[in-house]
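Keep in mind that what you see is a predicted model, and the values were worked out from it rather than measured. We number each residue from 1, following the sequence as shown.
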Amino acid sequence: MSFTNLIDLIKGQFGPSTVSQTATQLGESESGISKAISALLPAIIGGLVNSNARSELFTSVKEASSSGILSNLLDESNGNQSLITRILNLIFGSGDKLEAITTSVSEYSGISKDSTNSLMNVVAASTIGTVGRYVSENNLDAASFDSLLNEQKNNLSNLLPAGFSFAALGLGNWFGNVDAEPVNVIPEPAQKPVAEINPTIPVTEENATADTPKIDVTRSGQTHEIVSDGDSGGSIWKWLLPLLLLLLLGWFFWKQCNKKAEAVPVTTTDSAVVKVDSTNPAGDTVAVQRETMVVTLPSGKTLQAYKGGIEDQVVTFLKSDDYKKSTEEQLKDKWFNFDNINFEFGKAILTPESQAQLDNLKMILAEFPDAKIKIGAYTDKKGDDATNLKLSNDRANAIKSSLNSSQVKEAEGYGSKFAKVPAEASDKERESDRKTAIRFIK
């Protein structure tokens with residue numbers, strides 16, 4: 001089996017939308033949440049990889065794979081708390097180590113200890129959920145799981161954020177280093193006096209004040225300073241050079257103050273060079289603070305989503321009479337756009353952060369077993385029509401494969417067929433034509 005970097009898969013769960021939702025829910029800043037995640041993730045992954053309870057961990061991550069834990073990362077009432085607590089105890093034990101880690105991360109990130117404790121559960125849930133899903137999808141047994149964890153050890157040293165260390169907590173060896181120790185120190189009783197170390201060679205010192213002037217005493221008892229000829233030129237430059245620099249600096253500022261303001265050219269960046277191709281119809285190239293909400297499903301389960309996003313719209317529609325009374329012909333024109341699905345630039349490869357919305361949709365479909373959907377993908381008008389059609393079709397099928405549900409009946413790419421913005425328009429203007437969406441079928 002080729003090497004699998006689980007660390008990258010787990011980090012992919014913490015995209016900007018997850019950080020934003022978590023910060024809003026915990027009442028902390030996004031920067032503080034990001035710093036805390038960057039410190040908690042190495043602790044949990046390091047503990048997982050270095051645990052001596054591999055057999056129990058294997059059983060627990062298999063349980064996590066079927067618990068739907070990734071769809072409810074921010075919901076503390078999702079019924080998975082006992083599983084998360086069990087995993088943390090297997091990794092850190094039931095002593096004070098977990099408390100010490102929480103305190104250390106809280107101080108490093110600037111968020112409260114209560115928020116750090118809650119975030120510890122979120123990161124732990126993401127880790128075991130991602131590992132559990134990988135174990136399930138690849139049918140790993142206990143031995144293969146053990147090998148998978150061992151493969152990750154070489155990558156742990158790159159995880160720790162700058163300026164943060166677990167060495168003080170005795171966890172430094174997890175990351176390829178150990179607590180600092182004195183090197184080549186002779187025990188005090190065995191140390192010899194300095195005079196005995198090298199008694200035959202006297203220690204001489206250079207004059208530490210080479211610039212100290214020589215003093216001559218005259219016969220009359222008066223003293224005067226002797227200045228050598230070689231220093232006379234240097235003495236002049238010691239005051240003359242700074243004076244010249246000050247005059248030059250004053251002239252420069254005088255010129256600047258009398259200079260008319262010049263127009264500053266504005267540098268524009270073509271967003272087409274971004275290596276992540278967003279299918280978000282709103283085109284959020286710049287991070288925008290969006291309001292999050294809890295969507296409640298018929299069974300009482302909840303999931304985190306953006307207010308007015310696809311999850312909110314779909315659940316509202318499926319509960320309504322409009323859906324129940326709609327005909328196939330009426331449903332053809334009612335599409336719901338994904339708002340957190342991204343692909344690698346020019347490819348049909350989903351980025352890791354897209355998985356959260358896909359998991360939400362799978363959970364919604366499971367709650368409405370009679371619902372059936374079709375996936376559509378679209379491009380803008382720029383580029384070759386045939387290439388755009390193939391790319392959109394590949395992306396629609398990539399989403400269908402990722403959902404892996406019998407309720408997904410069709411997937412079709414439309415290329416630039418329905419694009420409205422001219423190819424010559426800016427990338428920002430063409431974003432509205434690049435999207436993926438679903439509609440219901442009967």
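To the nearest 0.5 Å, the span separating CG on Leu88 from CG on Asn121 amounts to 6.0 Å. Separating the CG atom in Leu391 from the CG atom in Asp394 is a distance of 6.5 Å, to the nearest 0.5 Å. Of the inter-residue distances, the one linking Arg86 atom CZ with Ile128 atom CD1 reads 8.5 Å to the nearest 0.5 angstrom. In this structure, Ile310 CD1 and Asn360 CG are separated by 10.0 Å, a value rounded to the nearest 0.5 Å. Atoms OG1 and CG, from Thr436 and Leu350 in turn, are 8.5 Å apart once rounded to the nearest 0.5 Å. The distance from the CD atom of Gln313 to the OH atom of Tyr306 is 14.5 Å, given to the nearest 0.5 Å.
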- prompt: Can you list the steps and then say if Ser147 with Ser144 is a side-chain hydrogen bond (donor to acceptor under 3.5 Å, both in side chains)?
  reply: CA-CA 5 Å; Ser147 299; Ser144 300; over 6 Å; no
Test side-chain contact (heavy atoms from CB on, under 4.5 Å) applied to Ile438 and Phe338, step by step: CA-CA 8 Å; Ile438 67 169; Phe338 286 104; 3.6 Å; yes
side-chain contact (heavy atoms from CB on, under 4.5 Å) evaluation trace for Leu119 with Leu40: CA-CA 8 Å; Leu119 198 56; Leu40 287 171; 4.0 Å; yes
task: Show your reasoning for whether side-chain contact (heavy atoms from CB on, under 4.5 Å) applies to Gln25 and Gln304.
output: CA-CA 10 Å; Gln25 184 166 318; Gln304 292 288 328; 3.3 Å; yes
field: Worked check of salt bridge (Lys or Arg N to Asp or Glu O under 4.0 Å) between Asp359 and Arg133
entry: CA-CA 12 Å; Asp359 286 342; Arg133 183 173 63 195; 3.6 Å; yes
- request: Determine, stepwise, if the pair Lys35 / Glu28 fulfils salt bridge (Lys or Arg N to Asp or Glu O under 4.0 Å).
  value: CA-CA 11 Å; Lys35 287 187 70 175; Glu28 303 284 357; over 6 Å; no
- request: Given side-chain hydrogen bond (donor to acceptor under 3.5 Å, both in side chains), test Ser112 with Ser115 step by step and report yes or no.
  value: CA-CA 5 Å; Ser112 69; Ser115 294; 3.0 Å; yes
- request: Applying side-chain contact (heavy atoms from CB on, under 4.5 Å), run through Glu311 and Ile364 and close with a yes or a no.
  value: CA-CA 8 Å; Glu311 296 97 333; Ile364 293 170; 4.0 Å; yes
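Under a 3.5 Å cut-off, the side chain of Thr379 and the backbone N or O of Gly415 do form a donor-acceptor pair. A donor-acceptor contact shorter than 3.5 Å links the side chain of Asp433 to the backbone of Val421. A donor-acceptor distance shorter than 3.5 angstrom exists from the side chain of Ser426 to the backbone of Glu429, with no hydrogens or angles considered. In terms of modelled atom types and a separation under 3.5 Å, the side chain of Ser401 and the main chain of Asn397 share a donor-acceptor contact. Between the side chain of Asn150 and the backbone N or O of Asp146, at least one donor-acceptor pair lies under 3.5 Å. Under the 3.5 Å distance criterion, the side-chain polar atoms of Gln407 are matched with a main-chain donor or acceptor of Ala371. A side-chain donor-acceptor contact under 3.5 Å links Asn388 to the backbone of Lys382. Looking at Ser126, its side chain never comes within 3.5 Å of a backbone N or O of Val122 through a donor-acceptor pair. Of the possible donor and acceptor atoms, one in the side chain of Arg430 sits under 3.5 Å from a partner among the backbone N and O of Ala425. Put simply, the side chain of Glu412 never gets that close to the backbone of Asn393: no donor and acceptor are under 3.5 Å apart.
Remark: Lys417 fails to qualify as a cation-pi partner of Tyr378 under the 6.0 Å distance and 45° angle criteria applied to the six-membered ring. In this structure, Lys374 fails the cation-pi test against Phe440, since its NZ or CZ atom is not both closer than 6.0 Å to the six-membered ring centre and inside 45 degrees of the ring normal.
Counting heavy-atom neighbours within 6.0 Å of Lys319 NZ, excluding the residue itself, gives a total above 12. Around atom NZ of Lys409, more than 12 heavy atoms belonging to other residues, nucleotides or ligands sit under 6.0 Å away.
Looking at heavy atoms from C-beta onward, Phe343 lies in side-chain contact with Ile399 at the 4.5 angstrom threshold. Within the 4.5 Å cutoff, no side-chain heavy atoms of Val314 are placed close to those of Phe368. Asp312 places a side-chain heavy atom less than 4.5 Å from the side chain of Met293. Contact of the Glu30 side chain with the Ser20 side chain is registered, since non-hydrogen atoms from C-beta on lie closer than 4.5 Å.
Partner of Val315 under the side-chain contact (heavy atoms from CB on, under 4.5 Å) criterion, out of Leu303, Thr296, Leu297: Leu297 alone. Test Lys435, Gln355, Gln357, Glu353 against Ile341 for side-chain contact (heavy atoms from CB on, under 4.5 Å) and you get one pass: Gln357. Glu410 pairs with exactly one of Ile373, Ile441, Ile375 by the side-chain contact (heavy atoms from CB on, under 4.5 Å) rule, that one being Ile441.
Residues Gly413 and Leu389 come closest through the heavy atom pair O-CD1, 3.3 Å. Heavy atoms only, all atoms of each residue included: Asp380 and Ser416 are closest at O-CB, 3.2 Å. Pairing each heavy atom of Asn342 with each of Ser354, the nearest pair is N-OG, 2.8 Å. Contact detail for Phe58 and Ala142: the closest heavy-atom pair is CZ-N, 3.6 Å. Considering every non-hydrogen atom in both Ser109 and Gly32, the closest pair reads CB-O, 3.5 Å. Shortest non-hydrogen contact noted between Ala348 and Ala398 is O-CB, 3.5 Å.
Ion pairing of Lys113 with Glu99 is present here, as a side-chain N (NZ or NE/NH1/NH2) and a carboxylate O approach within less than 4.0 Å. Look at Asp427 and Arg434 and you find a salt bridge, because one of the NZ, NE, NH1 or NH2 atoms lies within 4.0 Å of a carboxylate O, short of that distance.
No donor-acceptor contact under 3.5 angstrom links the side chains of Thr24 and Gln21, judged on distance only.
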